[in-house]
Amino acid sequence: MSSNAVIGSPVSRVDGPDKVHGRATYAAEFKPEGLAYAALVLSRIPSGRIKSIDVSLAMTVPGVVSVITHENAPRLPYKEMKKRPQVDPKAGGQLRVFQDDKVLWSGQPIACVVADSIEQAETAADLIRVTYSPDAQAQTKFDRALGLKPAPEAEADGRPGETQRGDAASAFDSSPVKVEGWYLQPREQHNPIELHATIAKWDGDHLTLWDKTQWVDNDRAEIAHVFDIPQDKIRVISPFVGGAFGSALRTWHHVHIAAMAAKMTGRAVRLELTRREQFTNTGSRPHTEQHVALGALEDGRLAALIQEAWGQTSTYEEYAETTLDPPRQTYSVANNATRYRLVHMNVNTPTSMRAPGVATGVFAQEIAMDELAVALGMDPVELRLKNYAETDEYKSKPWSSKELRACYAKAADDFGWSRRSPEPRSMQDNGQLVGWGMATAIYPSHRSPAQATVRLHRDGHVLLRTAASDMGPGTYTSMTQVAADTLDLPVEKVRFELGDTDFAMAPVHGGSITMASVGTAVMAACQALQKKVGELAAASSGGPFKGAASDTLLFQGGGLALKNGGGFTPYGEFLAQHGLEWLDAEGKSEPGAESETHTSSAFGAVFAEVRVDPDLGTVRVPRLVGAYDVGRVINPKIAHSQCIGGMVGGIGMALLEMVEWDDRYGRVMNANLAEYLVPVCADIVQLEASFVPSDDKIFNPLGVKGLAEIAISGVAPAIANAVFHATGKRVRDLPILPERLLL
Amino acid sequence: MPEDGRALEIELRVNGQSRRLGVEGSTTLLDALRDRLHLTGTKKGCDLGQCGACTVLLDGQRVVSCLTLAAQADGRDVITIEGIAPEGQLHPVQAAFIEHDAFQCGYCTPGQIMSAVALIQEGRATSDEEIREHMSGNLCRCGAYTNIVAAVRDAAAKMA
Amino acid sequence: MALFRYHRPGDLSEAHARAVTPGAMYIAGGTDLLQLVQERVTQPAEVIDVNRLAPPEIETSEGGVRIGAGAKLNAMAAHPLVRERYPVVAEALMGSASPQVRNMATAGGNLLQRTRCLYFRDVATPCNKRQPGSGCSAWDGQNRQNAIFGGSPTCIAVQPSDFAVALLACDAEIVLASPGGERRVPMADFHRLPIEAPEIETVMEPGELITAIELPDRAAQRRSRYLKVRDRASFEWAVTSCALSIRMEGGAVSEARVAVGGVGTKPWRLPNVEPAIVGQALTEQVITSAAERAAEGAEPRQHNAFKVPLLVGTVRKALREFAQMEAVQP
């Protein structure tokens with residue numbers, strides 16, 4: 001096998017030069033011939049019908065090519081897919097855009113203008129006059145009393161309405177130590193800095209989409225069904241994605257609009273959502289309210305763990321989350337009950353946002369655990385070790401690997417946890433209240449079938465291709481490393497391409513599955529290439545390899561040799577000897593029996609220090625320390641970047657992020673980046689992330705578990721627990737704004 | 001320029017080159033760069049001056065090009081990410097961003113780099129705290145801030 | 001951005017003449033106006049670029065320092081005359097917006113920036129300031145950021161300028177040029193309360209332009225500082241802020257201006273706090289009891305009630321830090 005050990009080395013991003021020069025091309029930046037520009041008109045009521053829509057003034061604006069509304073839009077087939085893709089809700093039906101006069105939420109597209117310039121399109125959009133027949137029954141208030149059990153389809157997808165192990169209610173009642181509370185996770189928006197954009201262009205019956213998407217293959221499949229055209233008539237191109245965090249998992253209706261507008265106008269059309277439009281058209285982390293009840297014995301062993309969640313969804317689809325997986329799996333507890341309910345509202349369907357569901361569930365669970373530690377007078381780390389889950393008690397399976405103990409030890413040590421004085425308000429510095437808190441992080445590891453192709457060129461470089469994505473975690477780089485390592489080539493000799501439906505099939509770039517899924521396919525493709533080279537070599541009519549058995553060959557140093565020494569032939573020379581310009585191979589990978597026999601998960605421990613100003617109630621986070629078990633780390637440099645990025649997201653979740661919702665109008669009121677606050681550079685001081693030794697070869701041949709979601713999991717509760725330690729005030733509602741500490 | 005103020009002809013000196021182009025009175029410098037001149041290294045993230053992705057240097061000073069009218073930049077000097085280093089070379093800030101992995105998705109990166117180049121010129125890179133404050137006009141949703149600060153500190157030291 | 005005409009006048013009289021045509025608006029830095037256009041709050045037919053007419057000079061004048069209306073926020077904050085004589089102004093400016101915006105936004109434009117009230121900036125909701133007579137959505141809505149002083153059921157929008165708060169503490173005057181000539185308005189009288197007509201925010205007449213801001217010498221005799229409180233550490237409008245301009249004589253306060261931001265429909269002086277410190281040494285006890293009076297008269301709504309204790313804490317912290325600063329450099 002390899003000797004150059006590229007895997008595990010801190011290679012700088014291979015796409016770095018393109019990104020720092022501004023050459024990396026994102027969806028809105030392609031410029032097909034004759035490009036026209038689209039602007040949307042959004043609904044201003046949350047529910048009802050469009051009574052009239054007058055486009056006559058808009059049509060008078062010079063440069064306007066077309067104005068599309070439900071009145072003139074083509075009736076699209078919107079064929080049902082045989083199986084809803086994993087990124088779509090399993091129950092209900094997607095918005096059929098411009099197909100009728102119904103308004104399902106405020107901020108829904110109801111018209112689209114296409115013009116020669118964006119200025120003309122926006123001017124015309126402003127001139128469209130709409131009247132409505134509002135529905136008095138609009139559901140704009142989040143009301144737990146309206147919570148409904150998820151549909152059977154969602155339950156079948158691993159989102160059960162209820163689970164029960166033992167008798168949690170009685171065990172809780174009879175527990176000597178109990179804590180109980182309500183927790184609020186407000187609606188959050190992904191807010192990647194790149195705006196969602198689609199360029200659509202028809203050439204006869206063939207459609208090309210340049211799109212911001214985390215899954216080109218599914219984009220193609222969705223659009224094929226919307227328009228009822230064969231998939232091979234569609235190509236989706238998406239070489240760079242400027243962040244997404246889940247917002248580009250689904251093929252949202254603006255993609256349908258772009259394709260529709262291009263078809264109607266015969267022009268290539270660009271539809272780039274505005275920041276405001278993005279708040280109501282690309283999903284959100286759903287507003288979720290939770291109830292947690294923990295019962296324990298005097299020694300700290302959990303006797304009962306009850307967690308219930310009410311999550312927001314739309315009126316037309318059921319977006320159910322895995323919010324309650326963590327309370328079923330994280331700790332060892334005989335009596336466990338969970339209950340999940342959906343509250344339907346007039347909103348755009350929520351969607352996955354970094355560590356979907358899990359971050360929300362962990363937030364409530366880990367604050368509750370801290371409350372229990374306080375009630376027991378026990379160290380929070382000790383409490384977690386006391387209830388360490390040696391197996392997955394929910395699915396009654398062993399973990400394929402679990403190094404969580406090492407995470408607690410490493411992070412506690414790096415943080416200096418032993419110097420913590422347990423009493424709240426006992427650590428002050430320069431007039432500021434200092435608090436130290438911690439939490440467990442968990443996120444399930446999954447993998448999906450994937451494929452990759454490889455082409456060996458005569459100059460000795462290889463080209464790998466797969467329809468995967470890279471929204472920032474470094475797919476380009478880590479896959480290059482896997483190929484270089486497997487083929488024992490320097491990374492400079494490997495070129496990796498992604499984000500194109502013309503390439504080999506790849507699964508969704510989400511849920512932290514890319515490395516385990518696509519990485520193993522890349523490895524398989526490279527191994528297949530080696531096998532082909534070996535077979536060709538053995539079939540040679542002469543030379544050192546003639547008739548050589550495969551186990552006598554060595555693939556090393558960018559070429560082929562005999563294990564017993566001699567015969568070394570660089571790949572380029574080998575191809576020349578065989579009269580070949582190149583040699584192709586392909587590889588695929590898919591989950592095996594391990595997905596039935598084991599549960600796989602990434603783990604971590606997060607420690608936070610906060611400073612609370614006693615006069616102002618403002619919370620700042622001078623440092624976070626995390627240690628993670630993510631299996632094998634392909635590239636420690638970019639893996640570290642992912643972790644600190646998750647921590648920044650977690651700081652936002654803990655202290656800043658929330659949609660301000662007005663239930664009178666059913667509207668998002670802070671739909672911009674000045675009033676929806678995300679952390680800025682000045683908010684982030686010291687972030688430390690490390691990886692404990694781990695290699696999960698049960699889960700997949702690369703030994704990786706996946707990284708991305710795990711990095712945000714646990715951050716918000718660690719901060720909330722630190723805030724309690726600093727102030728003595730328990731905050732159970734996010735974000736932790738000054739008012740929660742001052743009032 | 002025509003009296004009615006629409007469909008203006010303007011001249012921008014972009015990365016040292018004179019570029020004549022037609023714009024509307026309301027065309028932003030950002031849209032002029034991206035859509036008219038196809039210099040897409042300058043990014044659009046909010047169009048409201050709230051994210052910094054569109055940062056360019058206008059007469060040597062960093063500004064957000066989304067809140068600058070192209071007409072206001074008429075006759076002025078614009079430096080974009082495409083113009084900070086000679087062809088085939090990296091500006092020290094660009095090199096430091098790669099070295100310190102100061103980005104993930106890369107979308108906010110040109111704006112971060114333009115801001116960092118200006119910040120170093122402004123003499124605002126004397127401490128990490130100062131760098132953090134004066135890089136706060138550039139949001140990075142992937143959360144690369146600590147690496148950005150390290151890259152700016154490193155580049156500033158190398159350029160000193 | 002939706003279409004409008006762009007016009008660059010040759011001189012002030014041309015600017016005044018253009019400005020009174022329907023749909024015309026002045027543009028200087030443009031950092032607020034263009035946001036309002038993008039959000040459809042304002043739809044000008046023509047913008048009149050006054051950048052090359054608004055003087056950027058910062059210089060001493062008779063009785064103080066004169067700042068040209070065209071001076072950029074960063075240039076003002078960095079200018080020795082401002083930094084040394086009116087540190088509260090420099091600090092307020094450095095805490096404003098982002099470095100990029102500070103290179104664009106002008107002194108004059110900053111005073112005219114519109115509120116960040118969520119309803120003012122969302123054209124789908126009623127707002128008296130945007131659409132007179134339509135009602136105030138903030139009164140019973142998402143009013144976390146709204147005012148606790150100077151509001152009424154008509155409007156509780158905060159005037160968001162940090163600069164204006166600092167200018168109020170410095171007794172600044174605004175110099176206005178109109179076709180009829182020049183006039184001066186004290187900062188305290190420049191913004192109007194939104195009682196009758198919240199859409200009219202200042203005492204400026206149609207076509208008038210701010211040409212300068214004058215800071216008096218008597219304010220330069222005082223020591224000053226600015227404290228700004230935000231949810232995040234930077235690049236955010238004030239949740240609360242406090243501008244102090246205080247003269248110390250013989251260890252006691254002889255003159256004081258305490259102005260606050262983030263809490264008023266216009267920059268707000270605290271009439272009960274100032275007398276509570278005048279004549280006193282700034283002891284912890286004096287500071288605490290003076291600060292307790294900061295929110296007297298406040299009329300909070302559902303989501304901004306926290307601004308009452310926060311304002312008390314803000315003023316207390318500002319005074320405490322001021323006292324420490326005095327102790328270090330007497």
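Naming: A, B, ... by sequence-line order, numbering from 1 per chain. Hydrogens, waters and symmetry mates are skipped; everything else that's a heavy atom, side chains included, is used.
A:A682 and B:S136 make their closest contact through N-OG, 3.0 Å (heavy atoms, listed as atom of the first residue, atom of the second, distance). Among all heavy-atom pairs drawn from A:P679 and B:L139, the shortest one is O-CD2, 4.3 Å. The nearest pair of heavy atoms linking B:F97 to A:V20 is CB-CG1, 4.0 Å. The two residues A:G645 and B:Q104 come nearest to each other via the heavy atoms CA-NE2, 4.2 Å. Of all non-hydrogen atoms in B:K44 and A:E272, the two that sit nearest each other are CD-OE1, 3.7 Å. Shown here for A:Q189 and B:R141, the closest heavy-atom pair between the two residues is O-NH2, 3.0 Å.
Salt bridge absent: B:K43 and A:E194 never bring a charged side-chain N and a carboxylate O closer than 4.0 Å.
Residue pairs satisfying the side-chain hydrogen bond (donor to acceptor under 3.5 Å, both in side chains) criterion with at least one member in residues 9-24 of chain A, sequence neighbours excluded, are listed as follows: A:S12-A:K637, A:R13-B:D101, A:D15-A:K19, A:D18-A:R23, A:H21-B:Q94.
Heavy-atom proximity under 4.5 angstrom to chain A picks out B:Y145, B:T146, B:N147, B:V149 from residues 144-153 of chain B. Of residues 58-67 of chain B, no residue lies under 4.5 Å from chain A by any heavy-atom pair. Taking non-hydrogen atoms and a 4.5 Å limit, the residue list of residues 648-655 of chain A in contact with chain B, ordered by number, reads A:V648.
With a 4.5 Å cut-off on non-hydrogen atoms, B:T109 touches chain A through its side chain but not through its backbone.
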